[in-house]
Amino acid sequence: MHRWTDLAEVPDGFGPSVVTIGNFDGVHRGHVGVLTRMVADARAAGAQAVAVTFSPHPQQVHRPDEAPPLLTGDTDRLELLAETGLDAVLMLEYTLDFARQTPEQFVERYLVRALGARTVVVGRDVRFGWGNEGDLSTMVALGERHGFTVEVIEDVAPEDGAGDGAGEESEQRRRGEPPPPRGAGPRGGARPPAGDVRQAARVLGRPHRIRGVVVHGDARGRELGFPTANLSPEATGMVPADGVYAGWLRRATLPAGAPDKVLPAAVSIGTNPTFEGLARRVEAYVLDRTDLDLYGEEVVLELVERLRPTLRFDGIEELVAHMHEDVARVREVLAGVADED
C-alpha cells in the first residue's frame, strides 16, 4: 500500500480511483466492512482504492481541550488500513490553514487533480469545507462538474452499535469549524469502559493496542524477579483504566515469524501506589523471561483482558505474592485465547 503525506508524493497521472475520506480512528469493524467493500468495487472497476485521512485528528486542532484520546496512533492506523487491501492512503496534515479551503478547493485539489477520483464514497450527513459549507448535495454537484460519481453509504457501526462508520466519519472531513461530538470517533463500545478491553476487542475486531519505545524505569521489577519493559510517555494508543492486564508484547522491529516476535505478557498500568509512585506508567513483564534487552525497541502491547484494578499493598511480600497470582492468571487467559483460535 502506498503511504503519502503530501500531494507531491502522489505520482502524476494517478488514477482512476475510488476515494473515501475519514479519520478512521481505531479502524474498527465498521470501517473495515466499508473499506473492504470499497476495495472490491474498485478492483471490479479497474480503479485504485484510496482513503484520505488526517493527522492530527481535527478535534485536536479545533478543540484541543475537549478532544478525546485516540484509540490508535498514525503507525497503527496506517497498518490497519493497509490490511483492508487499500491501494493507497493519503494522510494529510490537518491545520487551521488547511481547514480554510472551500469545498470546491478541497475536492478539486485533492480528489480530482491528485487522485483522479471517479467515485467518492461519503456518508449521507457529510459536511466539508470552511464553515461546513459543503454537504452531500455539494459533493454531488461537484461530482457532476468534475466527472466523478458519489456513492452514499449509511452510517456503519461496529457490531455492538457503537457508531462511527466511515460514513459518519465523513462529517468531519474538511470542517473549518470545530466538529460536533457526534461522529467524532469510535466511542461507546470501542473505547474500553473501565478497562473492559474484551468489549473493545469485540468492537475493533482485534485486541486494543498501545505502541511505544521501551525506556528505563526504576528497575524495581527486576529486583523483585519480574523485569518489566516500560513504555515511553510518548506511546500512542489510548491507555485504558489502571490495572493489571493479560496481553501480548509484539516486537515491532522484528520480521514476522521471527523467534520472540510475539511474547505473552502481564501488563501493568498505573502509578505503583505501593512505592508511593506519582507518574502513571505502562509496563509489561514478559512471562518467564529475564534475558530480554528491549531498551530502545519499539513494541506493541495488545491487551486481552483486565485482571484486576491497581492495588496498594502493605509490603513487598504481599506485592510479590499477588504478582505470582497475576502471572498465573495471565497464563490461563492467554491459553484460553489460544484455544479459541
Side-chain angles (χ1 to χ4, degrees), residues 67-76 191-198 200-201 207-253 260 262-331 333-334:
L70 297 180
L71 283 168
T72 48
D74 289 347
T75 298
D76 284 296
R191 298 187 179 276
D196 188 355
V197 293
R198 276 199 179 272
H208 176 59
R209 300 176 177 179
I210 305 174
R211 178 186 295 262
V213 174
V214 177
V215 298
H216 289 274
D218 297 326
R220 287 200 187 96
R222 185 169 298 279
E223 294 171 1
L224 300 175
F226 298 90
T228 59
N230 291 259
L231 266 58
S232 163
E234 289 74 37
T236 60
M238 191 191 73
V239 178
D242 289 1
V244 176
Y245 294 78
W248 304 99
L249 183 148
R250 294 182 179 269
R251 303 175 68 179
T253 56
D260 292 344
V262 182
L263 301 164
V267 180
S268 173
I269 298 174
T271 59
N272 294 326
T274 302
F275 297 101
E276 307 294 340
L278 298 176
R280 192 167 185 241
R281 298 180 177 179
V282 178
E283 52 189 317
Y285 163 63
V286 176
L287 271 54
D288 306 320
R289 298 294 295 270
T290 59
D291 60 321
L292 295 172
D293 182 1
L294 301 176
Y295 293 122
E297 257 192 63
E298 184 180 62
V299 301
V300 177
L301 302 181
E302 296 185 345
L303 305 181
V304 174
E305 182 173 314
R306 186 176 187 237
L307 305 182
R308 62 169 175 83
T310 298
L311 302 173
R312 180 189 180 97
F313 299 104
D314 293 333
I316 299 299
E317 291 185 2
E318 184 181 4
L319 169 62
V320 171
H322 273 81
M323 292 172 76
H324 282 289
E325 292 176 6
D326 292 337
V327 169
R329 180 64 181 136
V330 169
R331 293 188 202 282
V333 169
L334 298 183

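- Identified under the salt bridge (charged side-chain N to carboxylate O under 4.0 Å, His left out) test for residues 318-327, with sequence neighbours left out: R308-D326.
- L70 CG to T72 OG1: the interatomic distance, rounded to the nearest 0.5 Å, is 6.5 Å.
- Contact check for T236 versus D74: no side-chain heavy atoms found under the 4.5 Å cut-off.
- Of all heavy-atom pairs spanning A266 and L287, the tightest one is N-CD1, 3.7 Å.
- With values rounded to the nearest 0.5 angstrom, T228 atom OG1 is found 11.0 Å from L249 atom CG.
- Inter-residue side-chain proximity for R289 and D260 is flagged as met; some heavy-atom pair is nearer than 4.5 Å.
- For residues 212-232, the pairs satisfying ring-ring contact (aromatic ring centres under 6.0 Å, His included) are H216-Y295, F226-Y285, F226-H324, with sequence neighbours left out.
- A 4.5 Å side-chain heavy-atom check between V244 and H322 finds every atom pair outside the cut-off.
- Of all non-hydrogen atoms in P240 and G195, the two that sit nearest each other are CB-CA, 4.2 Å.
- When side chains are defined from C-beta on, R209 does not count as touching T75, because their heavy atoms never get closer than 4.5 Å.
- Nearest approach of S232 to V215, heavy atoms of both residues: CB-CG1, 3.8 Å.
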>> Would I210 and V267 count as a side-chain contact (heavy atoms from CB on, under 4.5 Å) here? Give the steps.
In response: CA-CA 11 Å; I210 305 174; V267 180; over 6 Å; no

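- In terms of heavy-atom proximity, L334 sits nearest to G247 at CD1-O, 3.4 Å.
- Summarising the geometry of L294 relative to V214, their closest heavy-atom pair is O-CB, 3.2 Å, with the distance given to 0.1 Å.
- One N or O on the side chain of R306 and one on the backbone of D242 form a donor-acceptor pair closer than 3.5 Å.
- To the nearest 0.5 Å, atom OG1 of residue T271 and atom CZ of residue R312 are 9.5 Å apart.
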>> side-chain contact (heavy atoms from CB on, under 4.5 Å) for V239 and R280? Distances and angles first, verdict last.
In response: CA-CA 10 Å; V239 178; R280 192 167 185 241; 3.6 Å; yes

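- Put simply, the residue from V304, L301, L303 that forms a side-chain contact (heavy atoms from CB on, under 4.5 Å) with Y245 is L303.
- Nearest heavy-atom pair, L307 versus A246, reported as atom, atom and distance to 0.1 Å: CG-N, 4.0 Å.
- Counting only distance, with no hydrogens or angles, the side chain of T310 and the backbone of I269 share a donor-acceptor pair below 3.5 Å.
- Of the inter-residue distances, the one linking L71 atom CG with M238 atom CE reads 5.5 Å to the nearest 0.5 angstrom.
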